[in-house]
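Only one structure is covered here, and it is reproduced in the block below.
Side-chain atoms are counted along with the backbone in the values below, which use heavy atoms only and exclude waters and symmetry mates.
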Amino acid sequence: MTKGGIISVVHENSLAQELELVPGDKIISVNGQELMDIIDLSFALADEDIEMLVEHADGEQEVISFEKDIDEELGAEFESAVFNKIRQCANNCYFCFVDQVAPDMRSSLYIKDDDYRLSFLYGNFITMTNLVKQDLERIKRLHLSPLYVSVHTTNPELRAKMLRQKRAALIMEQLKALNEAQVEYHTQIVLCPGHNDGEELDRTISDIINMRPYALSIGVVPVGLTKFRENCYPLETFDSEGAKKVIAQVRKWQQKMREETGSAFVYLSDEFYLLANEELPSASEYDGFPQLDNGIGLVRNFVEQWKNTEVDTKGYEKPLALDIVCGKSVGKIIKDLVAKMPIKNLDVQVLALENDFFGHEVTVTGLLTGQDIIKNLQKSKQNRPRRGIIIPSSALREGEDIFLDDYSLDDIKKAFSDEEVKVADDGADLKKLLTDWYNIECSRSKAIYTWQSNAAYTK
């Protein structure tokens with residue numbers, strides 16, 4: 001099969017449309033340069049004079065020559081950002097979430113990507129165990145920065161053991177190589193009780209701090225465990241007391257870094273604070289939320305969006321009963337927000353769901369399944385005459401209306417055909433829906449501000 005990027009969408013009034021490109025066309029090369037990914041394409045299209053080799057769906061190839069402005073974009077989307085094969089993870093980590101996915105689900109859920117290109121483009125965390133010299137040279141040459149690196153521990157022997165990969169021991173050498181290339185990176189630690197916590201966590205934080213200024217931040221997230229762990233390494237998750245100890249330990253580092261640099265540098269995921277029943281840090285303590293996509297600060301960000309959204313609270317002429325769906329961990333916070341905003345004739349019930357599908361130790365909203373949501377909504381409906389349902393966008397595949405178990409938003413609408421089902425992307429959306437239900441239609445955007453994420457369940 002010919003290499004290249006296959007177009008999936010051509011935008012209206014774009015350069016791609018002007019060139020008569022259509023979905024299914026494959027861009028093979030630009031000015032003689034073969035394309036490995038959308039990064040190559042972006043750099044190649046920076047020229048003004050372009051010769052583009054295109055293969056149409058019928059197999060016919062055509063060279064399209066044209067001139068463009070330097071900053072003019074093509075105006076097309078592609079089936080994948082990586083035109084050759086996505087780099088797969090070569091590790092067998094103790095804590096890999098993919099190994100804990102239920103059997104017989106869609107194939108994409110079992111893909112273990114560990115591709116530096118997706119790290120640069122989308123913030124996916126990579127372990128760098130599959131990086132070779134040519135990869136590092138390309139990262140340096142194209143200055144692919146920042147990257148997102150799953151470190152977990154800087155103890156070489158322990159990292160090789162936890163990732164069950166000999167090359168994992170090279171982490172400090174690889175970070176030094178990024179420093180030498182002046183490539184910035186955010187780091188992640190998936191914390192496993194009895195393994196990389198305690199003194200090992202102190203060592204890892206200290207080592208990464210010493211890699212500044214190119215090391216930009218550290219995100220610490222708790223290991224996530226599902227009930228599908230029959231053949232996985234035996235692990236335990238954190239309880240409330242364990243979470244309190246981690247918070248106290250990391251707080252010392254945060255105070256030290258604030259005194260020295262003005263920012264915390266090290267940030268804990270929301271789960272630690274919720275599990276310990278401790279107050280979330282203020283918005284300012286997240287220093288601009290550098291690891292928001294990693295589930296760090298999502299709840300605080302949600303609360304701030306809610307607080308900063310002005311709405312009309314005059315209420316409704318007739319009774320309106322709504323259910324809000326969310327994961328168990330964030331339920332209390334949403335309940336408190338709703339309780340502080342009494343609205344005439346509005347009856348709101350927050351359904352903080354137990355995750356029966358993956359197991360009750362999984363409490364984040366982003367891992368709720370359609371079948372669990374439908375089951376709980378059916379129970380709730382028996383208690384009162386509900387008129388509407390609010391679903392969090394984080395439970396849906398990005399840009400689509402599909403849940404992890406392949407149930408769809410339409411399945412929920414069919415199951416509750418006499419009710420209106422709407423989706424909220426963030427705190428602002430939710431507050432607007434509650435106060436103006438009959439007029440607000442929240443967009444199904446690709447907002448990064450979501451209620452919770454599955455970021456704790458990473459490489």
With rounding to the nearest 0.5 angstrom, report the OG1 to CZ distance, T369 to F403.
8.5 Å
The ring-ring contact (aromatic ring centres under 6.0 Å, His included) partners of H195 (sequence neighbours excluded) come to Y94, Y233
Would one find more than 12 heavy atoms of other residues, nucleotides or ligands at under 6.0 Å from atom CD of E20?
no
Salt bridge or not for E260 and K256, using N-O below 4.0 Å?
yes
Got a donor-acceptor contact below 3.5 angstrom from the D401 side chain to the L409 backbone?
no
Would you please classify the geometry between the Y148 ring and the H186 ring as parallel, tilted or perpendicular, with 30° and 60° separating the classes?
parallel
Under 3.5 Å, side chain of R87 to main-chain N/O of N130, donor-acceptor pair present?
yes
Please check: side-chain N/O of S8 versus main-chain N/O of E77, any donor-acceptor pairing under 3.5 Å?
yes
Taking atom CD as the centre, does E285 end up with more than 12 heavy-atom neighbours from other residues, nucleotides or ligands that are less than 6.0 angstrom away?
yes
Would F272 and F238 count as a ring pair (Phe, Tyr, Trp, His ring centres under 6.0 Å) if you check the C-alpha gap in whole Å, the side-chain angles of each, and the deciding distance to 0.1 Å?
CA-CA 8 Å; F272 283 110; F238 287 93; 5.5 Å; yes
Residue pair D410, K414: steps toward the salt bridge (charged side-chain N to carboxylate O under 4.0 Å, His left out) verdict:
CA-CA 6 Å; D410 281 340; K414 290 175 183 176; 5.9 Å; no
With side chain to side chain contact (heavy atoms under 4.5 Å, CB included) as the criterion, how do K422 and W437 come out once you've worked through the C-alpha distance, each side chain's angles and the decisive distance to 0.1 Å?
CA-CA 9 Å; K422 297 185 180 183; W437 177 258; 3.8 Å; yes
Show your working on salt bridge (charged side-chain N to carboxylate O under 4.0 Å, His left out) between D429 and K432 and close with a plain yes or no.
CA-CA 5 Å; D429 271 358; K432 291 174 184 176; 5.2 Å; no
Would you sort out whether K245 and D239 count as a salt bridge (charged side-chain N to carboxylate O under 4.0 Å, His left out), showing the intermediate values?
CA-CA 10 Å; K245 290 179 180 178; D239 57 15; over 6 Å; no
Can you check side chain to side chain contact (heavy atoms under 4.5 Å, CB included) on F83 and M36, steps first, answer last?
CA-CA 5 Å; F83 301 161; M36 293 195 300; 5.8 Å; no
D336 with K332: basic N within carboxylate O range, under 4.0 Å
yes
Side-chain heavy-atom pair H152, F95 within 4.5 angstrom cut-off
yes
Are any non-hydrogen side-chain atoms of T261 and R258 less than 4.5 angstrom apart?
no
Evaluation steps, side chain to side chain contact (heavy atoms under 4.5 Å, CB included), between L225 and Q100
CA-CA 7 Å; L225 309 178; Q100 304 178 65; 4.0 Å; yes
So, does Q291 use its side chain to make a donor-acceptor pair with the main chain of T187 at under 3.5 Å?
yes
Side chain of N91, backbone of T127: donor and acceptor closer than 3.5 Å?
no
Short side-chain to backbone donor-acceptor contact, D323 and V348, under 3.5 Å
no
Rounded to the nearest 0.5 Å, what separation is found between the OG atom of S284 and the CD atom of E304?
9.0 Å
May I have the step-by-step check of salt bridge (charged side-chain N to carboxylate O under 4.0 Å, His left out) for R386 and D418, ending in yes or no?
CA-CA 9 Å; R386 185 180 61 211; D418 58 335; over 6 Å; no
Interatomic spacing from CD in E230 to SG in C232 - rounded to 0.5 Å
8.0 Å
Could you state the interatomic distance from OG (S393) to CG (D425), rounded to the nearest 0.5 Å?
4.0 Å
Quick one: does any side-chain atom of Q249 pair with a main-chain N or O of G198 as donor and acceptor, under 3.5 Å?
yes
Non-hydrogen side-chain atoms of I6 and D25 separated by less than 4.5 Å:
no
Does R397 use its side chain to pair, donor to acceptor, with the backbone of I402 at less than 3.5 Å?
no
Is it the case that N439 and D436 place a side-chain donor and acceptor less than 3.5 Å from each other?
yes
More than 12 heavy atoms of other residues, nucleotides or ligands under 6.0 Å from CG of N277: is that the case?
no
Salt-bridge contact K381-E419 (side-chain N to carboxylate O under 4.0 Å):
yes
Which distance, rounded to the nearest 0.5 Å, do you find between the CD1 of I343 and the CG of L320?
9.5 Å
Does the R387 side chain pair with the main chain of P319, one donor and one acceptor, at a distance under 3.5 Å?
no
Is there side-chain contact between I247 and E278, with at least one heavy-atom pair below 4.5 Å?
yes
Ignoring hydrogens and geometry beyond distance, is a side-chain donor-acceptor pair present between T153 and N196 at under 3.5 Å?
no
Show the numbers, then the answer: is there a side chain to side chain contact (heavy atoms under 4.5 Å, CB included) between D426 and L430?
CA-CA 6 Å; D426 52 33; L430 180 61; over 6 Å; no
Please check if any side-chain donor atom of Q349 sits under 3.5 Å from a side-chain acceptor atom of S380, or the reverse.
yes
Do K112 and C96 come close enough that some side-chain heavy atom pair is under 4.5 Å?
yes
Between N84 and R117, is any side-chain donor less than 3.5 angstrom from a side-chain acceptor?
yes
Quick one about Q188 and S150 (side-chain donor to acceptor, distance below 3.5 Å, no hydrogens or angles considered), yes or no?
yes
Could you check whether any side-chain heavy atom of T435 comes within less than 4.5 Å of a side-chain heavy atom of D312, counting everything from C-beta outward?
no
In L201, L268, V223, the residue satisfying side-chain contact (heavy atoms from CB on, under 4.5 Å) with L191 is L201
I'd like to know if the side chain of S14 reaches the main chain of H11, judged simply by a donor and an acceptor atom lying under 3.5 Å from each other, with no hydrogens or angles considered.
yes
Rounded distance (nearest 0.5 Å) linking atom CD of E354 with atom CD of E361
11.0 Å
